[in-house]
Structures are given as C-alpha cells and as structure tokens.
Protein chains: 2
Amino acid sequence: MGIEKVTSIDVAKRAGVSQSAVSRVFTPGASVSSKMAEKVLKAADELGYRPNVLARSLITGRSRIIGLVVAYLENQFYPDALEKLSNALQQHGYHILVFMVSNDDDMVDQVMGELLDYQVDGIITASVAMSNELAARCAAAGVPVVLFNRGQDDPRLNQVTSDNYNGGYQIAEFLVSGGHQRIAHIAGWAGSSTGRDREAGFRAGLKDLGRELVACIDGMYRRETAADAARELFRGPDRPDAVFVGNDHMAFAVMDVLRSELTLDVPGDVSVVGYDDVPLASWPAYDLTTLRQPSNRMVEATVSILLEWIEHGANDVQKIKIDGPLMIRGSARVPQGWSHERL
Amino acid sequence: MGIEKVTSIDVAKRAGVSQSAVSRVFTPGASVSSKMAEKVLKAADELGYRPNVLARSLITGRSRIIGLVVAYLENQFYPDALEKLSNALQQHGYHILVFMVSNDDDMVDQVMGELLDYQVDGIITASVAMSNELAARCAAAGVPVVLFNRGQDDPRLNQVTSDNYNGGYQIAEFLVSGGHQRIAHIAGWAGSSTGRDREAGFRAGLKDLGRELVACIDGMYRRETAADAARELFRGPDRPDAVFVGNDHMAFAVMDVLRSELTLDVPGDVSVVGYDDVPLASWPAYDLTTLRQPSNRMVEATVSILLEWIEHGANDVQKIKIDGPLMIRGSARVPQGWSHERL
DNA sequence: AGTTATATTGCATACGTATGCAATTTGACT
DNA sequence: AGTCAAATTGCATACGTATGCAATATAACT
C-alpha cells in the first residue's frame with residue numbers, strides 16, 4: 001500500500017528550486033519565468049504532483065466548495081437544478097458539497113453548522129428555509145447565502161425564485177377564461193414562500209375576475225398528501241371542474257387519483273394545472289399544462305450572484321424573480337384565443 | 001462586515017488553557033478532565049467557536065469528504081440513490097462532494113483529478129466507468145473507490161450492482177411464460193456493464209427456453225434514443241408483442257411512443273418490462289412491470305464497504321451483486337400462476 | 001559600460017489544527 | 001504522610017501551501 005503523498009517540497013527538490021517557486025507555478029497570475037515553469041512542470045509531472053486544495057484553502061481562506069442544502073430530491077425539479085448548478089459551478093472551479101435535511105428547523109440548524117465547519121465559500125439552499133439566527137451566523141462568517149426557489153424576508157439573504165405570485169395569477173386567468181365554474185386549489189406547503197405566493201396570486205387573479213375558490217387544501221408538496229386532498233375534493237357530486245395544484249410533483253399524484261381511482265377524464269371532467277414544468281410534465285402520459293419555472297435562468301442567476309459575492313466582494317443583497325411562461329398542454333381545457341404552445 | 005474567524009487559540013486564551021487542550025476537547029476519545037471540558041466548552045460557546053474541518057484534515061489526513069461522480073440525474077434512479085447515499089454518509093459524519101461528468105473518458109479523467117485534489121477519503125462513481133490508469137492513481141493515492149451500479153474488471157475497484165444477468169434471465173422467463181411470441185429488446189447502453197449483463201441474461205433466458213430475440217436495439221439509456229428505437233421496432237405489421245427495455249427511464253419513453261404515437265395498447269398489444277423500479281414505475285400512469293434494483297441495500301453495501309476501507313483499513317476488494325424481485329404490475333401480460341405482487 | 005527600472009527568485013512565516021513527549025497533577029494505596 | 005501509577009496538561013512541532021519582503025537576475029535605457 002504505497003500511499004505516496006507528493007508535496008510541493010518534493011517537486012521543489014527534484015527541480016532544484018524553492019518550494020515557493022513551485023507554489024507560484026501552480027498559482028495563476030503569479031510571477032514566474034517560462035524557464036522556471038518548464039522545469040517545475042516537468043518535475044511535477046514526473047512525480048504526479050497535484051496541489052492539495054485543502055492546504056491551499058487554509059491559507060487563502062477559499063475552499064472552492066459551495067454548500068448545497070436540499071430537503072428532498074423526489075421532486076424532479078431539484079435533481080434537475082442540482083445537475084445544472086453543479087455543472088455551472090464546476091466550470092468556475094467550484095464544487096458542490098451536499099447536505100440533505102428534513103425540513104424541520106432543528107435539523108437545518110445542525111446541518112448548517114457542519115456546513116460552516118467545512119469553510120464553504122458560499123451556500124445555496126434549495127426548498128429550505130433558514131432561521132434568522134442562522135442567517136446571522138452565515139453573515140458573520142462572511143459566507144454568502146442564496147435561497148434557491150424559496151423566499152424569505154431576512155435582508156441578509158439573496159434569493160432567486162420564479163414570479164410565483166404572477167404565475168398563480170396567470171393560471172387563474174387561464175382557468176377562468178377556460179370557462180371553469182368550480183375552481184379549487186391544492187396548495188403548496190403553507191410553510192414555504194413559494195406555496196403561499198402561488199396561492200395568493202391565484203386567489204388575487206380569481207378575485208379580480210369576480211370569482212373565488214370553492215376549496216383549498218394544503219398538499220404539503222407531498223405526493224401522498226396531495227392524493228388524499230384530491231380524494232377529498234373530488235368524491236362528491238358537486239366536485240370542482242378545475243384544480244390548480246401547487247407543483248407538478250403533486251399534480252401527477254392528483255391526475256393519478258382522478259384518472260385511475262375516480263375514473264374521471266382529464267381535461268374532460270376536470271382541468272388540472274401544475275407548476276414547475278419538470279421534464280415529466282411534457283411526457284404524453286401526463287401532458288400537463290403547467291407554469292414553467294425557468295431553471296436554466298434561475299441557476300444562472302444563482303451562480304452569478306454567488307460568484308459576485310465570493311470573487312468580487314459584492315454585498316448588495318439581491319431578491320430576484322424570474323418570469324416563466326404558461327406551458328399549455330393537454331391537461332386543461334384551452335380557452336378560445338389562447339395559443340396552444342407545445343414543447 | 002466583521003468577518004470573525006474564531007480559532008482554537010482564541011478559545012484557549014479565553015478559557016485560560018493551552019490550544020492543545022481545546023483541540024483535545026473537540027477530539028472524541030482524547031484525554032480531558034471534565035473540569036477542562038466544561039471550561040473550554042463554555043468559552044467555545046461564548047465565542048461561537050467550531051473546529052475548522054479543513055485545517056483538521058490537513059493534519060489527520062482525513063477530509064470526511066466522499067467524492068461522488070455521476071453522469072446524469074435525469075434517470076430518477078440516481079437522485080434517489082444520491083439522496084440515500086448522502087443521508088447514510090451524513091450519519092457517519094461524511095459528506096458528498098458532487099462531480100458531474102459527461103460519459104466520455106477525457107472528462108472523467110480530468111474530473112477525477114480535481115477530485116483527488118480535494119483529498120477525498122473515498123470515491124463513489126454512479127453510472128460511470130473509470131479508466132484503468134485512473135483506478136491505479138486512486139489506488140496509489142490510497143483512496144478507495146466503489147462503483148455504484150456499474151461493474152468493471154479492474155481488480156482494484158469495489159463494485160455494487162444488482163444481479164443484472166439474473167434479472168435479465170428472470171424477465172425472459174416471465175415473458176416467455178406469458179405466451180409472448182415475438183420478443184424484442186431495447187438494450188441499455190452497450191458501453192455499460194449493466195446494459196451488457198442485462199442483455200446477456202435476457203438472451204440466455206430466452207435461449208434456455210428455446211427462443212430468441214426478434215430484434216435488439218441499443219437505447220443508450222437515453223429517452224430519445226429509446227423512443228426512436230420503439231418507433232423503428234413497432235412500425236411494421238409483424239411487430240413484437242413484448243419488449244424488455246434496459247431501464248425504466250427508457251421504458252417510459254417506449255410506452256409513450258406505443259400508446260400516444262402508435263395507439264397501441266399496453267399490455268393488450270404489447271407487453272413492456274423495465275428495469276430499476278424507480279418511484280414513477282409504480283404510479284398508475286405507467287404501472288410498469290419492472291425488475292427492482294434494491295437501492296436501499298445497494299446504498300447500504302456501498303457505504304459499508306467505503307467505511308470499512310476508510311476507517312478500518314480494509315483492503316479486500318468486494319464485487320457485490322444484490323438480487324431484486326420482479327415487480328409485477330400492469331404493463332405486461334401476467335402468466336398463469338405468477339402471483340401479482342403489487343406495491 | 002553604467003545606471004535604473006522591472007521581473008524573478010528564495011527566505012521566512014502564517015493559516016488552524018492534532019499529537020508525541022515530557023512535565024505536572026490527581027488519585028489510590030500502604 | 002509517603003509512594004507510585006495513571007490521568008491530565010502544556011510545549012513544541014508538523015501538516016502542505018501561499019505570500020510579503022528582501023535579494024538577485026534580467027532588461028532597457030542613456
């Protein structure tokens with residue numbers, strides 16, 4: 001088991017130069033002659049030397065690690081975002097350290113502590129809220145935080161979301177224009193800003209058109225809870241003829257219950273609209289009409305804010321809302337005059 | 001911007017003890033009196049001190065970071081595994097550093113280099129192969145590697161897979177017993193051991209029953225490729241009456257094409273069987289008969305091998321195959337006498 | 001060639017922690 | 001109270017790298 005650790009000192013010896021010289025060769029932008037670079041790189045190559053990122057971070061104060069806190073990956077929106085975030089950060093020489101949490105405060109607090117122990121350069125939280133105390137700790141430690149797909153009032157926290165209120169509003173217009181009479185809502189988790197904003201926008205939209213919800217149940221962003229909600233909403237004879245479900249993940253569960261258990265036709269008997277536009281939404285089995293959260297642009301914004309803070313010492317907190325289009329597909333009756341845009 | 005870094009020295013000063021004492025209080029198993037522990041913890045708490053994991057790792061040679069290399073998260077099997085892996089490792093005080101790669105060798109090599117730069121304690125690759133040269137480098141660096149859901153001959157690499165050969169074999173028995181006459185296969189990527197093994201087992205099973213494949217196309221584990229394969233296989237009048245698709249992710253695409261484009265009935269006209277049993281497979285929209293890869297047990301095995309190597313210096317390479325049951329659902333005709341086990 | 005500005009290099013030190021060793025304290029026992 | 005073993009503590013150093021500073025080499029002039 002020849003566990004060989006090659007250090008910059010080994011390389012220096014072999015190349016007949018000082019350790020600092022080696023360090024400089026591997027530090028972009030440092031002052032080295034081409035002859036020196038050549039010598040050192042040759043020696044490094046022969047020994048298989050690579051700089052130790054951890055040792056480096058000890059002295060630079062930069063770990064090139066971004067902590068990602070995420071509650072669950074069952075909803076396809078998050079693995080998709082994770083993949084994109086990781087790719088984008090990787091291109092800038094950063095990598096993602098993953099922390100899974102259940103969404104209760106204790107767990108988040110504990111995990112966030114561990115996160116700071118790793119001297120992460122920045123933190124992204126996806127679908128997770130932070131206590132104010134925690135936000136303070138991150139701020140004190142000089143670690144920028146971006147809430148991805150979640151909003152929070154704390155003035156120290158950057159955030160990137162879609163325009164959830166407006167999205168909900170659009171969906172209300174869409175459903176009302178479609179001539180639906182009994183409109184219900186299976187809401188996103190009331191403990192999340194996204195869930196609350198979508199519901200508020202939806203209600204506002206209905207109200208402005210002189211309508212109101214016939215029923216509203218919190219689906220907790222969970223498949224089973226949403227399915228139960230659907231069973232309750234649609235068992236009676238005076239069932240809704242349209243339902244806006246707080247995200248796609250729940251909407252699939254609702255459609256499953258409607259079609260398989262209650263043998264209702266979608267959209268013949270009930271129109272269903274979701275939120276997110278995860279890949280599965282466009283597959284024919286669901287063909288779900290849904291409001292797209294533009295994950296590409298959300299990821300871009302997240303990464304750019306983070307790098308701005310880390311590398312250029314920015315300190316203006318950004319609260320970004322990104323608009324997304326309604327993807328009109330086959331799960332909801334299409335009003336006259338609304339173009340049927342297909343993906 | 002008071003970026004305050006509290007070090008063990010600060011704590012030592014405040015508690016009126018030596019830095020070593022502070023270190024020992026935060027090192028499980030070190031020799032400290034209860035009085036000392038109390039003093040130090042009090043001071044640490046007042047200052048908000050937490051040990052710097054990176055500095056610690058510099059001296060212990062342990063980073064408590066596990067590198068995870070993964071090609072894509074679109075197939076639900078992988079986010080699911082990632083979530084479980086992360087949770088399991090987190091319980092042991094490890095965390096996952098994510099590296100996304102495209103599945104060509106150059107990229108893998110480059111990324112693996114970065115991985116080693118972080119002094120990871122171990123590496124898990126999911127759905128990714130490694131060059132032998134790379135395996136050698138990891139071995140030389142003393143970093144254990146576990147291939148998750150992928151096999152490779154290299155004697156230095158641990159691996160955990162399901163019993164793909166046997167799985168393919170079982171599916172052959174199932175389809176033949178179901179009375180299917182024209183059996184086709186849309187295979188997993190031929191560049192992967194899983195794809196090859198499943199196909200080999202499937203062919204062997206057919207052969208032992210005196211049958212053979214009427215057609216076989218490589219679906220590359222990609223949705224679009226699989227869909228194209230389905231279009232090609234099923235356009236003629238003498239189309240197959242059963243198809244085993246190399247994983248669920250592709251099977252969904254195949255069912256979409258069969259039902260929506262070709263208006264064929266599943267399983268009336270065609271039986272479809274997948275592989276993995278991702279959550280979506282059990283949802284009514286697909287209700288896919290599929291061979292379960294027991295991700296729980298695969299994750300357990302992966303974590304236990306890794307910890308055995310890291311913490312107890314194990315060095316016996318393990319190649320583990322875990323058996324999974326065929327989940328009989330509604331997408332394939334059920335032979336007489338096969339119990340219809342439901343999830 | 002002589003002067004001065006600039007680029008390159010080495011030396012020494014720092015980052016925050018863990019740990020072997022020797023010094024000290026504690027406790028148990030006669 | 002005195003002896004001795006065991007537990008606890010502090011001292012000093014090491015981990016692998018980056019960087020300010022002074023020393024040296026090089027280049028660019030007159």
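To find a chain, count down the sequence lines: A is the first, B the second, and so on, and within it residues start at 1.
- Here Tyr49(B) and Phe26(B) bring their ring centres to under 6.0 angstrom of each other.
- Heavy atoms only, all atoms of each residue included: Ser193(B) and Gly151(B) are closest at OG-N, 2.6 Å.
- Rounded to whole angstrom, the span from the CG atom of Asn52(B) across to the C1' atom of dG16(D) amounts to 14 Å.
- Remark: Ser33(A) is in phosphate contact with dT9(C), judged by side-chain N or O atoms under 4.0 Å from OP1 or OP2.
- A donor and an acceptor atom, one from each side chain of Tyr118(B) and Asn52(A), are nowhere located under 3.5 Å apart.
- If you take CD1 of Ile9(A) and C1' of dC15(D), they are 10 Å apart, rounded to a whole angstrom.
- Under 3.5 Å, the side chain of Ser20(A) and the base of dC11(C) form at least one donor-acceptor pair of N or O atoms.
- For Arg24(B) and dG10(D), the CZ to C1' distance is 8 Å, given to the nearest whole Å.
- Heavy atoms of Val22(A) sit nowhere under 4.0 angstrom from any nucleic acid atom.
- In this model, no side-chain donor or acceptor of Thr60(B) finds a partner on the base of dC15(D) within 3.5 Å.
- Ranked by how close their nearest DNA chain D nucleotide is to the 5' end, Ala37(B) and Ala55(B) are led by Ala37(B).
- For dC11(C), neither phosphate oxygen OP1 nor OP2 lies less than 4.0 angstrom from any side-chain nitrogen or oxygen of Ser18(A).
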Below 3.5 Å is the cut-off: list the nitrogen or oxygen pairs between protein and nucleotides 25-29 of chain C, distance only.
none

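- The separation between Leu58(B) atom CG and dA14(C) atom P is 17 Å, rounded to whole Å.
- Looking only at side-chain heavy atoms (C-beta outward), Ile124(B) and Leu89(B) come within less than 4.5 Å of each other.
- Environment of CG in Asp153(A): sparse, with no more than 12 heavy atoms of neighbouring residues, nucleotides or ligands closer than 6.0 Å.
- Atoms CD1 (Ile59(B)) and C1' (dT17(C)) sit 6 Å apart, rounded to a whole Å.
- Between Tyr118(A) and dG16(C), a side-chain N or O to OP1/OP2 separation shorter than 4.0 Å is absent.
- The shortest distance between the side-chain N/O atoms of Thr7(B) and the OP1/OP2 oxygens of dG16(C) is not below 4.0 Å.
- Residue Met36(B) contributes atom CE, which lies 16 Å from atom P of dT24(C) at whole-angstrom precision.
- Looking at the side chain of Ser31(A), the nearest of the listed nucleotides dT9(C), dG10(D), dT19(D) is dT9(C).
- Backbone-only contact: Val32(B) has heavy atoms under 4.0 Å from sugar-phosphate atoms and none from a base.
- With no hydrogens or angles considered, no side-chain donor-acceptor pair links Tyr221(B) and Ser127(B) at under 3.5 Å.
- Closest of all the heavy-atom pairs between Arg64(B) and Glu311(B) is NH2-OE2, 4.1 Å.
- Taking the six-membered ring where the residue is Trp, Phe148(A) and Phe77(A) present parallel rings, their angle staying beneath 30° rather than reaching 60°.
- With rounding to whole Å, Gln19(A) atom CD is found 14 Å from dT13(C) atom P.
- Rounding to whole angstrom units, CZ of residue Arg64(A) and P of dT17(D) are separated by 16 Å.
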